[in-house]
Structure formats: structure tokens, C-alpha cells
Amino acid sequence: MPKRHRIHKALKNFAVLGMTVVIACLIVACDVIPHSPTPTLPASPFRQTVRLFWVNSYNADDLSFQKLRASALATLSEAGYSVEAGTLAMDVFHMDAARFLALSKMEPIADVAIARIQAFNPDVVLVSGDAAALSVIPRYPDLNKPFVFCDVVGDPNVPGLRRPAVTGVLANPHPMRTIAMAQAFLSEASEGESTAPETTNTLDRFLILSDSSIAGQSVLASIYEILREIEKESGLEPTVQIVTDWTEWQATATSAAETYDFILLLGHKSVRDVDGAPVPTEALMAWMVENVSIPIFSLVNEAVVNGAVGGLVTSEEDQGEAVAQMVVRIARGAHPSSISERLSSRNLLAINLAAARRWSLSIPIAFPLAGRVYRELPSAETIAPESGQMLDGDAWYNSGYNTGGDPGMLTEHKSWMLRGGP
């Protein structure tokens with residue numbers, strides 16, 4: 001049966017899991033490098049060419065990795081480092097971390113990654129995702145090897161990530177804003193329905209659904225205190241269900257409408273089918289769009305692309321640009337210890353209009369006028385590529401949205417914009 005708890009119980013358990021991850025990283029670091037002295041910080045020469053090794057948590061088809069990679073390579077090219085020009089040599093190792101539910105299970109594949117890094121002898125190692133960062137960096141035997149991480153949600157203060165030659169960009173989830181977004185959508189929908197005064201919907205019941213993957217644990221641990229505040233101060237009643245088996249996931253999602261107003265989706269890449277293989281995001285979201293009767297929101301852009309209504313999501317483009325700039329600084333002589341890690345500076349408001357239509361939701365009249373819009377849903381036979389684009393100012397409904405193809409969803413919103421506001 002799936003694990004079903006109120007937030008203070010479930011997230012307490014995940015807080016313990018998060019601490020276990022910290023302890024495990026400490027043990028691993030100590031096992032690999034016992035009694036290591038504090039390393040010196042050697043001066044780095046200016047490099048005309050750069051050797052870059054990338055360790056990706058998931059596989060080559062992972063949407064987040066593809067966006068990170070495209071943005072990073074574009075930024076490196078602008079700085080004069082490209083494969084085409086002969087100034088960049090790069091190799092990539094994909095860990096396929098969706099197969100693993102614990103860091104201890106990743107040690108063999110982490111050792112393979114380390115051997116690949118050592119054989120390539122890079123100037124900088126770029127690591128994307130919690131699974132790769134937490135399994136590879138603390139085990140790497142050379143404390144002076146520069147590492148730059150990105151797309152990491154969990155606590156960066158684990159001992160292995162606090163090496164002098166490690167820096168990076170942290171993801172920054174926004175559950176409160178995504179929950180507020182969901183409430184705005186549902187409030188707009190409920191106002192358009194004829195309901196008796198005694199049946200008003202307070203929209204205070206929502207299900208936080210996650211797998212038990214390393215990424216899922218990291219997200220839950222990172223938003224633990226925020227969700228506790230929701231429960232204590234706002235009167236909302238979030239419930240966490242942690243499900244890894246695909247059959248149980250389906251049963252949990254379909255029965256959610258009996259109790260909840262909407263689902264907030266967190267980790268989902270490690271949900272397992274009957275053969276123990278991870279269910280692809282496209283297939284998982286296609287099934288949920290078809291079979292779940294309440295709206296789904298998410299903190300992850302990939303879920304919105306594939307059928308969640310929306311959420312405030314991390315910008316992989318911004319993360320890719322930021323880590324590439326760090327790589328360039330290291331290539332030009334800066335030591336990683338002199339480069340402060342930072343939160344991703346931009347989080348995007350992502351909306352899937354087709355998903356909103358599927359659950360009969362209209363865009364709230366005063367919705368923020370910046371974000372990313374998608375117009376398509378996955379189908380059972382083929383998964384449509386994303387069709388959204390970056391939006392800004394008052395041109396978003398013309399550039400990112402085909403007004404001729406929608407039966408009036410944005411008419412009221414467009415009129416509001418043209419009037420200059422309420």
C-alpha cells in the first residue's frame with residue numbers, strides 16, 4: 001500500500017531521510033579519503049582550450065538535461081569554447097538514476113563515473129541533479145578537482161559538497177506560489193459554476209504525490225519547513241503520499257478526487273512498472289491526464305510539458321547559462337572557492353493550456369503576465385514536442401499562443417490586458 005500521511009508525519013520521516021543522506025555522504029567521504037588534510041588552492045592557468053566532463057543524473061533523453069546542455073553549450077560557445085572551434089573537448093556520462101531509490105545503491109555506478117572522469121582527465125567536472133552530485137562528488141579522490149553542480153534541490157551543506165573546489169547553482173522550488181496558482185485556477189472555475197451557498201469550496205485540500213527517488217526525497221526535504229508553515233498558519237491540509245509501484249500510483253491518483261481538490265506532483269521519475277523498470281515521464285503523465293479527474297500541478301517543468309496544468313518551475317536555461325559562466329571563470333584562472341554558489345535567479349511560470357482545458361479551467365483574470373505556455377498534451381501513440389516559448393510583456397498571447405486555435409480561453413484575459421488592468 002502507498003505511504004499516506006499528514007504532512008507533519010510524512011515530512012518528518014523525510015527530514016530523517018535527508019539527515020541520513022547527509023550522514024551517508026559523510027561516511028562515504030571519510031571512507032574514501034580518511035584523515036585528508038585541507039588541500040591547498042593552486043593557481044589555475046588561463047586555458048585556451050577546456051576539457052569538460054559532464055555527469056548527468058538521468059539518461060540522455062531527459063528533458064531537463066537536454067535544456068541544461070543546450071544552454072550551457074551556447075554560453076560556452078559565446079565565450080569562445082566550442083567543439084566546432086576545437087577549443088572544447090567534452091564527454092558525458094549518464095547515470096540513469098531513476099533505477100535507484102537510495103544513494104547506497106548508486107555506489108557501483110558512481111565508481112564507474114569516477115573512473116570515466118579520471119580517464120578523461122578534465123579541467124572541470126559538471127554534475128547535474130541531486131543523485132549525481134551526492135553520489136559522485138563526495139567519493140571523488142582528488143579534492144582539488146574542480147566540480148560545478150546544477151539542478152540540485154537538496155541541502156548543499158552535506159560534507160562532500162563543501163569541498164574547496166566545488167561550486168554550483170541550486171534549484172529553488174516554490175511550493176507556496178504553485179499552490180496559490182492552483183487555488184487561483186480552481187477558484188476561477190468554481191466562480192463560474194452555480195453552487196448553493198452552503199457548498200462553497202475552500203480549496204484547502206490537496207495531495208502532494210511523490211515517488212521515493214533520491215530527487216523526490218531531496219525536494220520533500222527542501223520544502224519541509226515551508227509545508228509545515230502551510231499547515232500551521234493557513235489552515236490548509238496538505239497530505240503526502242509516497243508511492244513507487246505503478247499500480248499503486250494509479251490507484252492513488254484516481255482515488256484522490258474523493259478527498260482532494262488538486263494534486264501537487266513532486267518526484268515521479270522512479271515510479272516502477274511490474275517489471276521494475278521506471279515508467280517514462282511521458283507515459284506517466286499521459287495516463288494521469290486521461291484518468292485523473294482533478295487537476296495536476298507540478299514544481300517540475302517536464303511534468304507541465306507533458307500534461308500538468310502549471311507551476312512555478314526552475315529555468316534549466318538559466319541554470320545552464322550560470323554553470324557555463326562558472327566553467328568559463330575557472331578556465332580563465334579563477335579557483336572554484338572564489339565563485340559563490342547561488343540559487344537559480346529565474347523561476348518560470350509554466351502553463352499548459354491544453355491541460356487547463358482538459359480540467360475545464362480558465363486562466364485567472366489577474367494572472368501574472370510572464371512565463372512559458374504550452375499548447376499540447378501527450379497522446380497514447382506519440383508525445384508531441386513542447387511548443388511553448390519564453391514570454392514577456394503584453395505580446396505573450398500573440399507570440400506564445402495561437403488565438404485562432406482556442407475556443408475563447410484567453411479572450412477575457414486579453415481584454416483585461418488591453419484595458420491596462422482592472
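Position 1 is the first residue of the sequence; numbering continues from there.
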Exercise. Are a donor atom and an acceptor atom from the side chains of E321 and T75 found within less than 3.5 Å of each other?
Worked result: no
Exercise. Have H94 and N59 got a donor and an acceptor in their side chains that come within less than 3.5 Å?
Worked result: no
Smallest separation among heavy atoms of [X] and [Y], with atom names:
X    : Y    : value
S64  : E302 : OG-OE1, 4.4 Å
L265 : S298 : O-OG, 3.3 Å
Y140 : K145 : CE2-CB, 3.7 Å
S212 : T244 : OG-OG1, 2.6 Å

Is there side-chain contact between [X] and [Y], with heavy atoms separated by less than 4.5 Å?
X    : Y    : value
F297 : I179 : no
R69  : M90  : yes
F206 : Q183 : no

Heavy-atom donor-acceptor pair, [X] side chain to [Y] backbone, under 3.5 Å:
X    : Y    : answer
S337 : A165 : no
T167 : V148 : no
N352 : V304 : yes
R272 : R99  : yes
Q319 : C150 : no
S255 : T252 : yes
R358 : V289 : yes

For this session: Check each of T281, D211, D62 against K269 using the side-chain hydrogen bond (donor to acceptor under 3.5 Å, both in side chains) test, and report the only one that passes.
Result: D62
Exercise. Is the cationic atom of R51 (NZ for Lys, CZ for Arg) positioned less than 6.0 Å from the six-membered ring centroid of F120 and within 45 degrees of its normal?
Worked result: yes
Problem set entry | Electrostatic pair R205-D261, nearest N-O below 4.0 angstrom | yes
For this session: For the pair W246 and W287, name the ring-plane relationship: parallel under 30°, tilted 30 to 60°, perpendicular over 60°.
Result: perpendicular
Exercise. P146 pairs by side-chain contact (heavy atoms from CB on, under 4.5 Å) with which of P122, P336, P164?
Worked result: P336
Exercise. Is E290 atom CD crowded by more than 12 heavy atoms from other residues, nucleotides or ligands, each under 6.0 Å away?
Worked result: no
